Amino acid sequence: MPVEPVDHAASAPSTAAGSGHHETATPRLRLGTRASALARWQADWVAAELNKLGVLVEMILISTQGDVSSRPLGAIGGQGVFTKELQRALLDGTIDLAVHSLKDLPTERAAGLRLAAVPERESTRDVLVSRVASSFLALPPDARIGTGSIRRRAQLLHSRPDLQISEIRGNVDTRLRKLDEGQYEAIVLAEAGLKRLGLGDRITQILPTELMLPAVGRARWESKLAATTAPR
């Protein structure tokens, strides 16, 4: 499991007692996250919130099976491919907490771990990004739509069985590049992810919930059962 420590988040000052007393050690946490820009955005946000509470955070980048394999998600195990390595790192003590998207987690919780906090959610909606149409319904027949999500695939085909739903992998920038290169007529992404990365101007249409029900969650952080430093 590749693990790489990276830069420290902004440090909070140590608390010193009066003259002649020892300094109180500032709490420190090792926070595990995937290295993609969106995963880092989420982890950096959590680190900043912990900094406000006087906790120093060291970011630890961890590569998951979903990151290193280019095969379709269903072919490499589906659930947990973006989270299992983070969970192993928690259980073996490499990191103290992990930040990842709730939608990527298996329904059954890993033994010995707990859901420590769920931040306030951003938009839950999915969006269409297209180079040929102004809306989903305006896409031409047999248009190629890129998505790696079974949930999205099923709902797209329910509304438009004429479409060609094709597998797409990679981070947000990679998916947008593949769209721009002409590999797809459109792709479907999360509105929250595009906004957080400053790419909201790429959105062609916010898909209504009548067409696309959202994933059950977007972001969460997780810790060992014994951890007491994470705020609840």
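Count residues from 1 along the sequence. None of these values were measured; they are calculated from a predicted model.
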Item checked: Partner set under side chain to side chain donor-acceptor pair (under 3.5 Å) for Asp173, not counting sequence neighbours ->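 Testing Asp173 for side chain to side chain donor-acceptor pair (under 3.5 Å), a comparison that skips the adjacent residues, returns none.
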Can you find a pair of side-chain heavy atoms, one from [X] and one from [Y], that are under 4.5 Å apart?
X      : Y      : result
Leu61  : Arg40  : yes
Arg175 : Gln183 : no
Pro140 : Val132 : yes
Arg151 : Asp126 : yes

Are [X] and [Y] linked, directly or through other ILVMFWY residues, by side chains that come within less than 4.5 angstrom of each other?
X      : Y      : value
Leu213 : Val127 : no
Trp41  : Leu189 : no
Leu176 : Leu38  : yes
Leu139 : Tyr184 : no
Ile168 : Ile203 : yes

Tell me whether [X] is salt-bridged to [Y], with the criterion being a basic N under 4.0 Å from an acidic carboxylate O.
X      : Y      : result
Asp180 : Arg202 : yes
Glu49  : Lys52  : yes
Glu58  : Arg30  : no

Between atom [atom1] of [X] and atom [atom2] of [Y], what is the distance when rounded to the nearest 0.5 Å?
X      : Y      : atom1 : atom2 : result
Arg152 : Ile187 : CZ    : CD1   : 9.5 Å
Leu211 : His158 : CG    : NE2   : 9.0 Å
Ile206 : Ser135 : CD1   : OG    : 13.5 Å
Leu156 : Met212 : CG    : CE    : 4.0 Å
Ile62  : Leu86  : CD1   : CG    : 4.5 Å
Leu157 : Gln164 : CG    : CD    : 10.5 Å

Next item on the list: Could you tell me whether a side-chain N or O of Arg160 sits under 3.5 Å from a main-chain N or O of Ala143, the two making a donor and an acceptor?
Entry: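 No, the answer is negative, given that no donor and acceptor are paired below the 3.5 Å cut-off.
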Next item on the list: Would you check if the side chain of Ser130 reaches a backbone N or O of Glu185 as a donor-acceptor pair within less than 3.5 Å?
Entry: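 Side chain of Ser130 to backbone of Glu185: a pair is present.
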Item checked: Candidate list Val99, Val46, Thr33, test side chain to side chain contact (heavy atoms under 4.5 Å, CB included), partner Met59, passing option ->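 Among Val99, Val46, Thr33, the one meeting side chain to side chain contact (heavy atoms under 4.5 Å, CB included) with Met59 is Thr33.
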Nearest non-hydrogen partners of [X] and [Y], listed with the distance:
X      : Y      : result
Gly32  : Ile95  : CA-CD1, 3.7 Å
Leu31  : Ala43  : CD2-CB, 3.6 Å
Gln205 : Pro208 : NE2-CD, 4.2 Å
Phe136 : Leu128 : N-CD2, 3.5 Å
Asp162 : Pro141 : OD2-CA, 3.3 Å
Ala192 : Glu122 : CB-CB, 3.7 Å

